[in-house]
Amino acid sequence: MSSPDPQVRAARNQSTPPARGVRGPVVAVTGAASGIGALLTERLVASDEVKQVIAIDERRGECAAAQWHILDVRDPAIADKLRGADVVVHLALDLDLETDPAARTAYNVRGTQTVLTAAAAAGIHRVVLCTSAMVYGALPDNELPLSEDAELRATAEATGVGDLLEIERLARRAPRAHPGLNVTVVRPAVLVGGTDTALTRYFESPRLLVVAGSRPAWQFCHVEDLCSALEYAVLEKVEGELAVGCDGWLEQEEVEELSGIRRMELPSAVALGAAARLHRIGLTPSPAGDLAYTMYPWVVSGSRLHDAGWRPQWTNEEVLAELLEEVSGRHTVAGRRLGRKDATAAGAAGATVALLGAAAVVRRARKARRRI
């Protein structure tokens with residue numbers, strides 16, 4: 001189906017849709033113009049159980065049926081835009097691998113603080129936050145699967161995880177600071193469906209890096225299942241700390257068989273040391289801490305959602321197949337995207353260098369330094 005003419009679409013978006021004659025909550029969604037926020041906005045607009053959707057972002061999105069407010073979520077003026085809403089779903093997060101870490105943290109933490117304070121000021125009774133199951137940490141002694149109540153043992157060594165841990169702390173403090181405010185936190189497993197993370201880039205490599213002695217376990221979450229879980233939280237069908245993902249998990253051997261990508265096994269000291277050095281000199285976006293999530297299990301049970309009647313519509317096998325289709329033609333080594341020519345050069349280098357050193361990138365960096 002062809003898209004509407006851009007001018008027609010823009011004209012539609014200028015109008016404020018009337019509230020529908022539906023009994024249900026008015027829901028505000030931040031980060032509504034793109035990604036998960038856009039998908040959830042469309043889903044809630046189509047729901048017979050939602051009265052109205054207020055969409056908030058720094059630009060106007062495509063959903064004409066929502067009421068749009070254009071502003072930065074760190075702007076205290078957001079409190080006025082939230083008045084009349086019953087629930088806020090805060091999805092305006094920056095977890096881009098290429099974003100400056102300090103700027104990313106400033107946006108994520110300040111944005112969440114502002115939204116929680118603004119929601120309380122606007123008299124809203126429920127805020128739904130989205131972090132990640134990564135906050136549990138990837139550790140060799142993790143239970144399979146982890147319950148929602150498991151201790152959050154992650155450290156700030158992986159991309160964005162420090163921000164997510166701070167958001168979790170804000171979520172726990174908010175009801176005490178703002179009596180009457182209920183905060184629900186949703187923690188998805190490896191998110192797939194138009195996403196770009198260190199974990200999805202793992203499957204863009206010419207070989208799957210396996211650290212010797214590790215015990216990986218892969219659990220995925222399709223963005224459609226995440227949106228349906230968020231809708232459950234919005235409609236107060238479930239609350240508290242919620243983990244969401246496909247049922248069960250895949251062992252590393254199953255992933256290799258399903259993907260058809262062969263492994264490269266390296267000693268822990270070599271893998272972690274090389275990853276740390278390459279990140280330190282700026283050749284790769286992923287810190288060494290990201291490797292832990294490919295080494296040890298962090299599978300979640302999702303029992304609270306299951307007890308409420310929610311079920312994932314996707315299996316781990318189906319999500320992995322979609323991920324492999326999405327990343328087809330992309331070439332990544334050590335978390336850094338390469339062009340086709342670079343990928344060929346990297347593949348011709350030694351296997352260890354190809355996986356961890358990005359040989360073509362290293363050579364280019366050395367040449368640049370010689371010219372200085």
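For the side chain to side chain donor-acceptor pair (under 3.5 Å) test, no residue two or more places apart in sequence or in another chain qualifies with D225. Under the side chain to side chain donor-acceptor pair (under 3.5 Å) criterion, R153 pairs with D141, N142, sequence neighbours left out. Judged as a side chain to side chain donor-acceptor pair (under 3.5 Å), and not counting sequence neighbours, the contacts of W218 are Q252. Remark: D86 pairs with no residue by the side chain to side chain donor-acceptor pair (under 3.5 Å) rule, at least two apart or across chains. In this structure, R280 has no salt bridge (Lys or Arg N to Asp or Glu O under 4.0 Å) partners at least two apart in sequence or on a different chain. With sequence neighbours left out, D72 forms a salt bridge (Lys or Arg N to Asp or Glu O under 4.0 Å) with R74. Contacts of E322 classified as salt bridge (Lys or Arg N to Asp or Glu O under 4.0 Å), with partners at least two apart in sequence or in another chain: none. Take E231 and apply the salt bridge (Lys or Arg N to Asp or Glu O under 4.0 Å) test, not counting sequence neighbours, and it matches R43.
The stretch residues 288-315 participates, sequence neighbours left out, in these salt bridge (Lys or Arg N to Asp or Glu O under 4.0 Å) pairs: D149-R304. Listed by first and then second residue, the salt bridge (Lys or Arg N to Asp or Glu O under 4.0 Å) pairs involving residues 236-250 are E49-K237, R126-E236, R126-E239, R187-E241 (not counting sequence neighbours). Applying the side chain to side chain donor-acceptor pair (under 3.5 Å) test to every pair with at least one member in residues 111-123, sequence neighbours left out, gives these pairs: H90-T112.
No donor-acceptor pair under 3.5 Å is formed between the side chain of E157 and the backbone N or O of A288. A donor-acceptor distance shorter than 3.5 angstrom exists from the side chain of T30 to the backbone of A92, with no hydrogens or angles considered.
Residues S303 and E148 bring a donor and an acceptor atom of their side chains to less than 3.5 Å of each other. Neither side chain, Q313 nor E224, offers a donor N or O lying under 3.5 Å from an acceptor on the other.
Applying the 4.5 Å side-chain rule to ILVMFWY residues, one finds L144, W249 in the same cluster as V299.
Of the inter-residue distances, the one linking D75 atom CG with E58 atom CD reads 10.0 Å to the nearest 0.5 angstrom.
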